[in-house]
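Lettering of chains follows the sequences in order, A, B, ..., and the numbering in each one begins at 1. These figures come from a predicted structure and were not determined experimentally.
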Amino acid sequence: MVEKLQKILKNALIALNIQFEDEIFIERSRRPEYGHYTSNIAMLLAKKLCRSPLKIAEDLVYSIDKNAEIIDKVEAITPGFINFFIAPAAFQKIVSEVLKDGDRFGSSNIGKGAKAQVEFVSANPTGPLTVGHGRQAVLGDTVARILEWNGYDVDREYYYNDAGRQMRILGYSTYIRYRQLLGFDDVFPDDHYQGEYIIDVARDIKEKYGDQLKDDPENNIFKESAEMAVFEDIKKTLGDLDIVFDRYYNEKSLYDDGLIEDVLERFKAINATYEKDGAIWFKAGEYGATEDRVLWKSVVDEATYRLPDIAYHETKFKRGYDLIVDIFGADHHATVPDVLAGLQALGYSTDNIKVLIHQFVTLTRGGEKVKMSTRKANYVTLSELMDEVGKDVVRYFYIMRGMKSHLNFDLNLAKTEGDENPVYYLQYAHARIASILRNAKVKGLTLDGDVDLSLLRENETIALLNVISEFREVGILCGQALEPQILTTYLQKLATAFHKFYTVHRVITDDFLLSRTRLALVTAVKIVLANGLNLLGITAPERM
RNA sequence: CCGCCCAUGGCUCAACUGGAUAGAGCAGCGGACUUCUAAUCCGCAGGUUGCAGGUUCGAAUCCUGCUGGGCGGACCA
């Protein structure tokens with residue numbers, strides 16, 4: 001639709017002999033009086049042509065091909081908008097398009113099969129995922145789904161490090177729990193991991209090894225068992241959210257493959273490093289970052305996290321990804337310029353890296369903040385949240401706000417099954433249609449047979465068709481902006497348009513032709529709702 | 001001290017390269033179920049878009065300076 005209008009305007013410009021190279025901007029009108037689509041092109045041209053925008057708009061309207069079948073009416077309005085009123089027939093056609101494309105309706109091929117990678121969660125396996133990780137998990141997976149929907153070949157990747165200090169603490173925490181289970185009255189250090197899950201791991205070790213390891217805190221079994229248990233738990237939680245990673249990338253392999261050393265040597269070779277205070281610094285400032293950074297420590301003979309981060313990101317290029325999406329929490333945003341600077345130093349263009357930074361989550365219960373501390377046992381885990389409110393609500397709540405906003409996750413609201421909960425509003429629309437289809441079937445009414453789409457002409461019906469036709473644009477916009485929240489806003493709009501239609505018009509009546517035609521309409525709505533919900537990883541129920 | 005993000009009705013949030021009269025939901029008040037699901041719909045009320053300037057035909061959106069909040073600025077990740 002937009003393309004057609006652009007073409008119509010383009011022809012009008014040519015007819016008036018006006019030069020305009022950029023893409024002609026067409027947007028949905030805000031109000032019904034302004035028609036269905038609007039262009040501000042006359043106002044953009046006003047300065048260049050030194051003429052009143054309204055005059056230009058009027059000229060354009062005059063030159064527009066009135067015979068174009070999709071247009072009912074075109075108006076030029078002060079201060080210079082051109083408003084298009086679309087012919088009902090153009091909207092009505094959308095029904096058959098939806099029915100034809102089915103679960104692919106709205107998808108696009110703007111990705112053209114390019115390889116994309118989305119890296120997210122990337123939490124080290126020291127404990128269960130928290131509600132904080134949840135936002136990133138759902139955001140990342142939804143972005144991945146949206147990219148797939150737009151024709152990208154997407155890999156989901158989880159990057160982790162099981163070699164650091166935190167992991168040693170995890171191992172030692174397990175060891176102490178093990179000792180305690182053996183009856184020793186060891187004191188559990190305050191700053192160690194106090195979660196229940198550690199005790200379970202310790203119990204398993206005790207069952208297998210008895211007290212053989214009681215004086216062997218360095219034994220890898222503690223760390224490895226804990227890590228394995230934690231990872232199983234993380235994967236299960238993610239699986240419950242319908243999130244499956246294609247790859248878990250261990251930082252350690254960067255060392256094993258010699259990539260850390262390799263990157264460092266190349267930095268040195270191009271003189272991008274220098275020594276100061278016994279440490280090796282990277283001239284990040286020369287490559288777009290604000291400050292130089294230490295790459296190799298002097299106090300201990302090891303790299304800082306920045307070096308493996310850079311080496312890791314280089315593998316993404318080497319592995320042939322055309323689009324690289326990183327999802328970070330606000331607490332990691334400071335590392336972004338360093339990684340980008342590193343890649344630039346290595347000679348890569350960072351244009352194809354999109355870094356999405358999301359703000360934090362606060363959990364509230366009845367208006368009161370739920371406090372969270374990672375090491376203490378008093379945080380709410382993602383899996384507990386799932387148990388409490390279910391996958392659909394969790395996914396929806398995480399995605400319904402823009403990622404730049406702080407997310408207020410209201411447990412009470414999430415738990416209500418009533419009208420306050422926005423998830424059910426969408427699902428209810430879908431279930432309601434399913435119910436209509438069941439009733440139709442009982443009465444022997446199916447889509448087999450003639451329909452007359454021109455019967456779809458009441459205000460509520462046209463409004464509904466208009467929203468359906470917007471779905472493709474929304475999908476593409478989401479794919480470009482990588483902002484899933486656009487989709488939730490749209491689906492609310494679609495559900496509203498349907499509910500309004502439903503209260504005014506009956507689908508199943510004695511008029512067979514009209515009934516079958518409306519049945520086609522609501523089936524189309526059902527398909528679009530299901531496609532949208534599926535993109536969000538939310539189930540589209542047949543009954544509620 | 002420096003950097004990034006945020007501030008929109010009582011609450012939670014929208015607003016698509018800067019567009020027309022800033023929109024929803026919840027909470028409040030008043031209506032609509034003998035008809036395909038009332039988890040719905042309709043109506044009323046609610047706003048100086050944090051403050052002060054600037055840019056222009058036009059600003060919630062862009063720029064500058066404040067105020068208030070979140071997160072960072074480690075040889076922690």
NA contact type, Asn83(A), heavy-atom cut-off 4.0 Å: base, sugar-phosphate, or nothing?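 Answer is base: heavy atoms of Asn83(A) come under 4.0 Å of a base.
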NA contact type, His499(A), heavy-atom cut-off 4.0 Å: base, sugar-phosphate, or nothing?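 Here His499(A) touches the backbone only, sparing every base.
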Could you state the CE-P distance from Met544(A) to C36(B), rounded to the nearest angstrom?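 Rounded to whole Å, this separation is 18 Å.
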Specify the separation, in whole Å, of atom CZ of Phe501(A) and atom C1' of C42(B).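 Value for this atom pair: 17 Å.
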Syn or anti for C16(B), please, going by whether the chi angle lies within 90° of 0.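 With its glycosidic angle more than 90° from zero, C16(B) counts as anti.
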Determine the interatomic distance between [atom1] on [N] and the same-named atom on [M]; round to the nearest Å.
N: A15(B); M: C75(B); atom1: C1'; result: 46 Å
N: G25(B); M: U35(B); atom1: P; result: 26 Å
N: U48(B); M: A39(B); atom1: P; result: 36 Å

Could you identify the nucleotide paired to A74(B), looking across every strand shown and requiring Watson-Crick or G-U wobble geometry with both distances under 3.5 Å?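 Partner of A74(B): none.
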In the structure shown, which nucleotide is the Watson-Crick or G-U wobble counterpart of C11(B), with both distances under 3.5 Å?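 Answer to the pairing question: G25(B), which forms a Watson-Crick or G-U pair with C11(B).
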N or O in side chain of Tyr428(A) less than 4.0 angstrom from A39(B) OP1/OP2: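 It does, given that an N or O in the side chain of Tyr428(A) lies less than 4.0 Å from OP1 or OP2 of A39(B).
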Any side-chain N or O of Lys404(A) under 4.0 Å from OP1/OP2 of C5(B)?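 So the side-chain polar atoms of Lys404(A) never come under 4.0 Å of the phosphate oxygens OP1 or OP2 of C5(B).
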Within the structure provided, determine whether Tyr502(A) and Val507(A) are in side-chain contact (heavy-atom separation under 4.5 Å).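 Not in contact.
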Could you check whether Tyr287(A) and Phe267(A) have their ring centres less than 6.0 Å apart?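 Phe267(A) vs Tyr287(A): aromatic centres not under 6.0 Å.
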When you measure from the side chain of Gln492(A) to the backbone N and O of Pro422(A), does any donor-acceptor pair fall under 3.5 Å?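 Confirmed, Gln492(A) side chain pairs with Pro422(A) backbone.
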Are there more than 12 heavy atoms of other residues, nucleotides or ligands under 6.0 Å from atom NZ of Lys55(A)?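 Not buried by this count: 12 neighbours or fewer within 6.0 Å.
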Could you say whether Val299(A) or Leu437(A) is positioned toward the 5' end of RNA chain B, judged by the nucleotide with the nearest heavy atom to each?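 Result: Leu437(A).
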Nearest heavy atom decides the nucleotide; on that basis, is Tyr37(A) or Asp277(A) closer to the 5' end of RNA chain B?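 Nearer the 5' end of the strand: Tyr37(A).
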